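One structure is given here, and the rest of the page talks about it.
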Amino acid sequence: MRCLSALPLVLTVFGFMARPVSAGAFVPDPRSVQRYGPAYRYPQEGWIVLHIEGEPYQRGCQHGRLMAEEIAAHVRCFAAVRSPKAPADGWKATRTLVDALFLRRYHKEYLEEMKGIADGASAAGARFEGRPLDLLDIVTVNSWSEVETLDHALAAMPTGLEALRFPQEGPQAKAEPKPMHCSAFAANGKATRDGKIVFGHITMFSLYPSGFYNVWLDVKPARGHRVFMQTYPGGIQSGLDYYFNDAGLLVCETTLAQTRFDIKGMTVPSRIRQALQYADGIDKAVEILQEGNNGLYTNEWLLADIKTNEIAMFELGTHKSKLYRSSKNEWYGDTEGFYWGCNNTKAVSYTHLTLPTILRV
């Protein structure tokens, strides 16, 4: 197939899954279903259900064609959030930042998919400031987590002046508080009624952008596992980080104190999408998330494997990590059967450090 020619309010979004369930009785009104080749979309109780499939560029084209209007609106939203008084100028500067730091830090497969999204959306009429959307627009939308955590990551990096004292040195400004938080849990064994997995995630996010996270994306790639995620128009990743795949792997995250930025590392959107598409269990998912980590959007990942009834908690900093597994009876605080994430670092190797040092590990 070819592609043819904020306000600082907070919204809570909750995702929950105990275990795979059989398909419900919902059948979309045939008149509400839009199709493009093998892809389709339809509304369901406020969600947009989007199915795409095939090779990276083709499935991207499908995504872009079926979501063109929403993708253009999402780009306008991100531009307005970045620069409320001059969205076009803010978007131009953000594109330059993403081009310099992140564009080349995605795996080729996902760059091809994003190219398809841009081409498909543009062919269907998506525009920003009168011009067709391009690859960099879609990469920028997918790199929001990198952009928004970069300042804190740079603040955690040494400049070489730390040991020096200056006669006119003024007081240091306090870091701005993190405006958004999330919480999650994974439970099994003694912590659940039947011993099977219960998995939950809650996100608090700015009101304007959160309105775009009503897409339930079903990706059936030519290679790898079928991936399901809550996401946004133009997304190759979740963003609110709630996923599962057809191998029975469940993944979500909560953010931790931001660690250093490794400019040579791969973006988290690329790594998490690769993990869900190519991992059939916890070991492989952890390996993919850790390999080439650039450190941005520092997270505590919660994982579960329906096949083995195993849950895990993986704290991943730029250079340090800690994995807890139910199969090894590794529990934090003796909470057998229960892992949780709520923006607090738990690893023992961090506990002796003061907060400023934690931010710089």
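Quick note: residue numbers are just sequence positions, from 1. Just so we're clear, the structure is a prediction, and the values are computed from it rather than from any experiment.
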Exercise. Is it the case that Q230 and N214 place a side-chain donor and acceptor less than 3.5 Å from each other?
Worked result: no
Exercise. Could you give the distance from NZ (K346) to CG (L256), rounded to the nearest 0.5 Å?
Worked result: 7.0 Å
Problem set entry | Check: W331 ring centre within less than 6.0 Å of F338 ring centre | no
Exercise. For Y324, is the NZ or CZ atom of K322 found under 6.0 angstrom from the centre of its six-membered ring and inside 45 degrees of the ring axis?
Worked result: yes
Problem set entry | Y243 and W216 aromatic centres sub-6.0 Å | no
For this session: Using the salt bridge (charged side-chain N to carboxylate O under 4.0 Å, His left out) rule, pick out the option among R41, R59, R226 that qualifies with D218.
Result: R226
For this session: Take R31 and D29 through the salt bridge (charged side-chain N to carboxylate O under 4.0 Å, His left out) test and state the conclusion after the steps.
Result: CA-CA 5 Å; R31 295 169 298 181; D29 184 336; 2.9 Å; yes
For this session: Would you please name every residue forming a side chain to side chain contact (heavy atoms under 4.5 Å, CB included) with A73, sequence neighbours left out?
Result: R76, F212
Exercise. Would E55 and R223 count as a salt bridge (charged side-chain N to carboxylate O under 4.0 Å, His left out) if you check the C-alpha gap in whole Å, the side-chain angles of each, and the deciding distance to 0.1 Å?
Worked result: CA-CA 8 Å; E55 297 291 340; R223 288 167 295 280; 2.6 Å; yes
For this session: Enter the distance from I236:CD1 to I117:CD1 here, rounded to the nearest 0.5 Å.
Result: 7.0 Å
Problem set entry | T140 and T94: side chain donor to acceptor below 3.5 Å | no
Exercise. Is the closest side-chain heavy-atom distance between N293 and M266 below 4.5 Å?
Worked result: no
Problem set entry | Heavy atoms from other residues, nucleotides or ligands near CD of E291 exceed 12 (cutoff 6.0 Å) | no
Exercise. Given side chains that start at C-beta, do those of E109 and Q277 come closer than 4.5 Å, heavy atoms only?
Worked result: yes
Exercise. So, Q62 side chain and E53 main chain: donor-acceptor pair closer than 3.5 Å or not?
Worked result: yes
Exercise. Using the ring of each side chain (for Trp, its six-membered ring), is Y213 parallel, tilted or perpendicular to F205, with breaks at 30° and 60°?
Worked result: perpendicular
For this session: Flag the pair R131 and D137 as a salt bridge only when some basic side-chain nitrogen lies within less than 4.0 angstrom of an acidic carboxylate oxygen.
Result: yes
For this session: Report the C-alpha distance between D89 and R82 in whole Å, list the side-chain angles of each, state the deciding distance to 0.1 Å, and finish with yes or no for salt bridge (charged side-chain N to carboxylate O under 4.0 Å, His left out).
Result: CA-CA 9 Å; D89 292 340; R82 290 291 294 168; over 6 Å; no
For this session: For the residue pair R35 and V33, establish whether any side-chain heavy-atom pair is separated by less than 4.5 Å.
Result: yes
Problem set entry | I311 side chain reached by L303 side chain, heavy atoms, under 4.5 Å | no
Exercise. Of the non-hydrogen atoms in N344 and E315, which two are nearest, and what is the gap between them?
Worked result: O-OE2, 3.9 Å
Exercise. For Y232 and N142, does a side-chain donor sit closer than 3.5 Å to a side-chain acceptor?
Worked result: yes
For this session: For R260 and G295, indicate whether the former's side chain and the latter's backbone hold a donor-acceptor pair under 3.5 Å.
Result: no
Exercise. Within a reach of under 6.0 Å around CD of E69, are more than 12 heavy atoms found that belong to other residues, nucleotides or ligands?
Worked result: no
For this session: Can you see which heavy atom on C77 is nearest to which on P209, and at what distance?
Result: SG-CA, 3.7 Å
For this session: Using the test ring pair (Phe, Tyr, Trp, His ring centres under 6.0 Å), find all partners of H51 that sit at least two apart in sequence or belong to another chain.
Result: Y40
Problem set entry | Under 3.5 Å donor-acceptor, S270 side chain and H107 backbone | yes
For this session: Kindly determine whether T255 and N299 satisfy side-chain hydrogen bond (donor to acceptor under 3.5 Å, both in side chains), including the steps that lead there.
Result: CA-CA 4 Å; T255 54; N299 285 327; 5.2 Å; no
For this session: Find out whether Y242 and F199 are in side-chain contact, i.e. whether some heavy atom of one side chain is under 4.5 Å from a heavy atom of the other.
Result: yes
For this session: Examine the side chains of D262 and T318 and answer whether a donor and an acceptor come within less than 3.5 Å of each other.
Result: no
For this session: Kindly compute the distance separating CE (M313) from CD1 (I282), expressed to the nearest 0.5 Å.
Result: 12.5 Å
Seminar exercise, completed: Taken to the nearest 0.5 Å, the spacing of S326 OG from E336 CD works out to 10.0 Å
Exercise. Can you tell which of H63, K108, Q58, R273 makes a side-chain hydrogen bond (donor to acceptor under 3.5 Å, both in side chains) with E113?
Worked result: R273
Exercise. Is the closest side-chain heavy-atom distance between D280 and L249 below 4.5 Å?
Worked result: no
For this session: Assess whether atom NZ of K264 is packed by more than 12 heavy atoms of other residues, nucleotides or ligands within 6.0 Å.
Result: no
Exercise. How are the rings of W144 and Y297 set relative to one another: parallel (under 30°), tilted (30 to 60°) or perpendicular (over 60°)?
Worked result: perpendicular
Exercise. Is there a side-chain contact between L276 and M229, using heavy atoms and a 4.5 Å cut-off?
Worked result: no
Exercise. Do Y339 and F185 have ring centroids that are under 6.0 Å from one another?
Worked result: no
For this session: Could you grab the distance from atom NZ of K284 to atom CG of L289, nearest 0.5 Å is fine?
Result: 11.5 Å
Exercise. Regarding Q258 and T298, is there a side-chain donor-to-acceptor distance under 3.5 Å anywhere?
Worked result: yes
Problem set entry | Separation between CG of L323 and CD of Q290, rounded to the nearest 0.5 Å | 9.0 Å
For this session: Tell me yes or no: between the side chains of D241 and W301, is some donor less than 3.5 Å from an acceptor?
Result: no
For this session: Tell me, with the steps shown, if D99 and R95 meet salt bridge (charged side-chain N to carboxylate O under 4.0 Å, His left out).
Result: CA-CA 6 Å; D99 194 354; R95 279 168 49 96; over 6 Å; no
Exercise. Any side-chain heavy atom of V215 sitting closer than 4.5 Å to one from M67?
Worked result: yes
